[in-house]
Amino acid sequence: MTKPLIQLKNVTKNYGDVQALRGIDLTINEGEFFSLLGPSGCGKTTLLRTIAGFEDVSGGTVMISDKDMANVPANKRPTNMVFQSYAIFPHLSVAENVGFGLRKSQMSKVEKNAAVDQALSMVGLDGYGSRAAHALSGGQRQRVALARALILKPKVLLLDEPLSALDKKLREQMQAELRNLQRQVGITFILVTHDQEEALIMSDRIAVMFDGEIAQLADPQTLYRRPNSRQVADFIGVMNFLPATVTSVGDTVTAHVDGLGAVSLSGDQFAKDVQTGTAHVGIRPETMSILQESDTGGANVTAAVVEDRAYYGDMTYYDVRLDGGDHIITISMKNLVDRAVLERGEKTRVAWNARALVLFND
Amino acid sequence: MCILGFQKGTRLHLSLARNSRKIWVSGLGKRSVFKINNRDQLRGMALVSPTLIYAILLLAVPLAVIFLFSFWTQDYLTLDRSFTLKNYREAFSDPLYRTLLFRSLWVAGGVTVVTVVLAFPIAYFVSFHVTPKRKSLWLFLITIPFWTSYLIRVFLWKVILGYNGVLNSGLIGLGLVDEPLTFILYNANAVVITLAHAFAPFAILPIFVSLEKIDRSLIEAAQDLGESKYQTFRRVTLPLAVPGIVASCLIVFIPTIGDYVTPRLVGGPNGLMIANMIQVQFLKLNNAPLGATLAVLAMVSVTVIALVFIFLNRKYLRSRS
Ligand SMILES: Nc1ncnc2c1ncn2[C@@H]1O[C@H](COP(=O)(O)OP(=O)(O)OP(=O)(O)O)[C@@H](O)[C@H]1O
Ligand SMILES: [Mg+2]
């Protein structure tokens, strides 16, 4: 099932003095929905383009299906790309765009037309074949770009921020469609995005990149719950950081956390190279709760004061100061029917779970 | 655009009715209405009027005069102003004029083909292979031939192409030919060579602009879809450059038909064109009406050819969209 399809070994890419990629090691499997996530300028597009063959690597090797791609130009690689601008040929109709790559195929004209129709219906554009390319909306262009790439049945489909030009509603719809399409065709998708939510929703695995390097490679849940550095934790969702002192290291780690007291952490909550001394722990806003007077809470309850709150309708975000610490942390609460929204300055209690903590070395 | 100043505390209401051509400004004490369209038009007219007056005086009026002349006749020293088609009959019946007009069209066509075919690779190179920072420098270099007068350039070609010219002495010196080549001066070839050089920058620029407008990701997309560099050029770059190529063709073709300096200087007797005959009629033979008739016929031919060309291009563009 998990057969490696793309293997990058120590890939580097320099543009003059700029190191766009610094030693990328990466294996992407067959049939996987893989995302490259990272802030602007971290090298996502560059990495995608080295796989597609538009950029030569400065060092390292790119292998697809166990074949070294060093001397294989873009038009000979088993990859197809959906460009950020979609790159729809303005002088061709929709059908001519979709059938562009079929010129050299052995199919008869009738078969080609049937393939184009099928590709168009796969992306929900039945009957659009004779339309002019410029008479399409953003979402439709994107579908044409998808159909044009998928009709060639590539081993890998590369998508460079394909949804960033769409409005929120259409984007969400396309996210679901893209995911379904990938399951349906079973082709490996590599998606570049700087939208962490999009990556979490769609991917089997995500590589988080910073500054030309992969900071963490994991499935969405691990990435969200067990980020391996403060930088990753900060990039994905919201995380509170509290200063801590690691007191003992072993199979479990004990630490004293500002505002929470002594905690014991098990294997997946800290890095292997953890040492005693100062560190930080991270905790997500939704893993903690603001208790009401009637609530008994669990094992870990800490008194706190509401410093500020923001009411979002479905959720309320509280900024609270924990007793015994001078750090303000954010807690998000669902606005259930019987739950009052606390006001600024109110005293309250906060329940938390030690399993939700992640320890980061300083 | 219309509010210049109003007293403090004055509430200003601007309502722009969708289909109305007026903007209502209330709250300025007195209600004032600006007919924006007329104002804009006035302003626009004011802007173009110097050019317009200039064009009418120096283009439309002479054209009209030429047109009138073509229906008159010259009677030795006096002008017979009675309307007649005699000049046209003469122009159509004498094979000399037809030969000259066809040669003009033929030479202009040749110049256009040579110029555009040579201009395309240069425009392509500057657009695709020169780093963006250097592009303006290259364009600047391309316009350098314009720094010398057209006449001087034509004379220089005479020096280059002549019997004892630079080219011939070079070829003889290298032992490539035994005696000077004679087919390169004082004939239509020389006219084509000289005009092609003169019009090169005019042809390069429109093609360059149309190539610059091509989104580079389209080129990558074509390669990504499996096409070689050559096929990408044939299927994407070239079709998208067609508007620039058409513009170049027109820019070169239209003025070369009427050129008379170059054929006069380097064309020899077999390289003369219709414009030379027009000049002869006006100045030497003192037959302005016949000259005017030939001018009208030349203009009509150019217009017809240009219109056919534009029509074909339109059709091509429409079939694309
Ligand atoms: N052709 C180029 N010449 C010089 N530097 C480049 C070139 N292409 C990219 N870079 C640099 O390489 C780095 C990585 O660029 P890249 O386009 O891969 O970023 P990205 O992660 O895709 O960013 P974004 O999210 O903004 O698209 C950047 O610092 C960029 O300035
Ligand atoms: Mg990018």
Side-chain angles (χ1 to χ4, degrees), chain A residues 15-16 45 48-49 51-55 72-94 96-105 119 130-136 141 144-154 156-162, chain B residues 116 120 123-124 127-135 206-249 309-321:
Chain A
Y15 292 109
T45 298
L48 205 67
R49 289 171 60 83
I51 296 173
F54 293 127
E55 305 282 353
V72 183
N75 57 341
K76 299 271 162 59
R77 294 197 185 188
T79 60
N80 280 120
M81 186 135 161
V82 174
F83 290 80
Q84 182 163 5
S85 58
Y86 308 144
I88 305 294
F89 301 117
H91 57 302
L92 302 177
S93 70
V94 167
E96 286 168 330
N97 262 284
V98 173
F100 190 91
L102 294 180
R103 187 181 63 87
K104 279 183 289 188
S105 89
S130 57
R131 279 260 192 128
H134 62 78
L136 294 175
R141 282 162 172 268
V144 172
L146 266 174
R148 186 175 71 179
L150 287 174
I151 199 172
L152 302 177
K153 305 200 166 58
V156 191
L157 186 70
L158 307 169
L159 305 114
D160 191 357
E161 310 213 18
Chain B
V116 172
F120 193 93
Y124 185 87
S127 180
F128 281 84
H129 293 289
V130 171
T131 56
K133 266 189 279 178
R134 291 263 168 78
K135 279 181 186 172
I207 298 175
F208 171 76
V209 170
S210 70
L211 290 174
E212 280 291 285
K213 278 203 303 199
I214 298 176
D215 182 353
R216 295 310 191 251
S217 64
L218 295 177
I219 312 276
E220 286 186 341
Q223 279 166 21
D224 187 64
L225 294 167
E227 290 298 19
S228 62
K229 287 224 165 86
Y230 166 70
Q231 286 293 344
T232 301
F233 175 79
R234 198 181 63 82
R235 296 184 71 192
V236 179
T237 318
L238 192 57
L240 291 176
V242 162
I245 296 173
V246 168
S248 286
C249 288
F309 206 64
I310 289 171
F311 171 76
L312 289 178
N313 182 43
R314 281 266 173 80
K315 225 174 131 188
Y316 169 79
L317 284 179
R318 200 164 304 142
S319 75
R320 276 174 22 167
S321 56

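Quick note on labels: first sequence line is chain A, next is B, and so on, each numbered from 1.
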Open item on the list: Under a 4.5 Å cutoff for heavy-atom pairs, which residue among B:Thr232, B:Leu225, B:Val236 has the most contacts with chain A?
Closed with: B:Leu225
- [ ] Return the orientation label for the B:Tyr124 and B:Phe128 ring planes: parallel under 30°, perpendicular over 60°, tilted otherwise.
- [x] parallel
Counting only heavy atoms closer than 4.5 Å, note whether [X] contacts chain B via side chain, backbone, both or neither.
X: A:Phe83; value: side chain
X: A:Ile151; value: neither
X: A:Phe54; value: side chain
X: A:Arg148; value: both

- [ ] Considering non-hydrogen atoms only, spot the tightest contact between A:Ala133 and A:Pro90 and give its length.
- [x] CB-CA, 4.3 Å
Open item on the list: Quick check: closest heavy atoms across B:Ala241 and B:Leu211, and the distance to 0.1 Å?
Closed with: CB-CD2, 3.7 Å
Task: Option passing side-chain hydrogen bond (donor to acceptor under 3.5 Å, both in side chains) with B:Gln231 (candidates B:Glu227, B:Arg234, B:Lys229) - done: B:Arg234
Task: Interface moiety of B:Asp215 toward chain A, non-hydrogen atoms closer than 4.5 Å - done: side chain
- [ ] Go through the atoms of B:Arg235 and report whether side chain, backbone, both or neither lie under 4.5 Å from a heavy atom of chain A.
- [x] both
- [ ] For A:Asn97 and A:Ala145, indicate whether the former's side chain and the latter's backbone hold a donor-acceptor pair under 3.5 Å.
- [x] no
Open item on the list: Whether the side chain of A:Arg77 engages the backbone of A:Asn75 through a donor-acceptor N/O pair (distance < 3.5 Å, no angle test) should be reported.
Closed with: no
Task: chain B contacts, top residue of A:Gln84, A:Arg103, A:Lys76 (heavy-atom pairs, under 4.5 Å) - done: A:Arg103
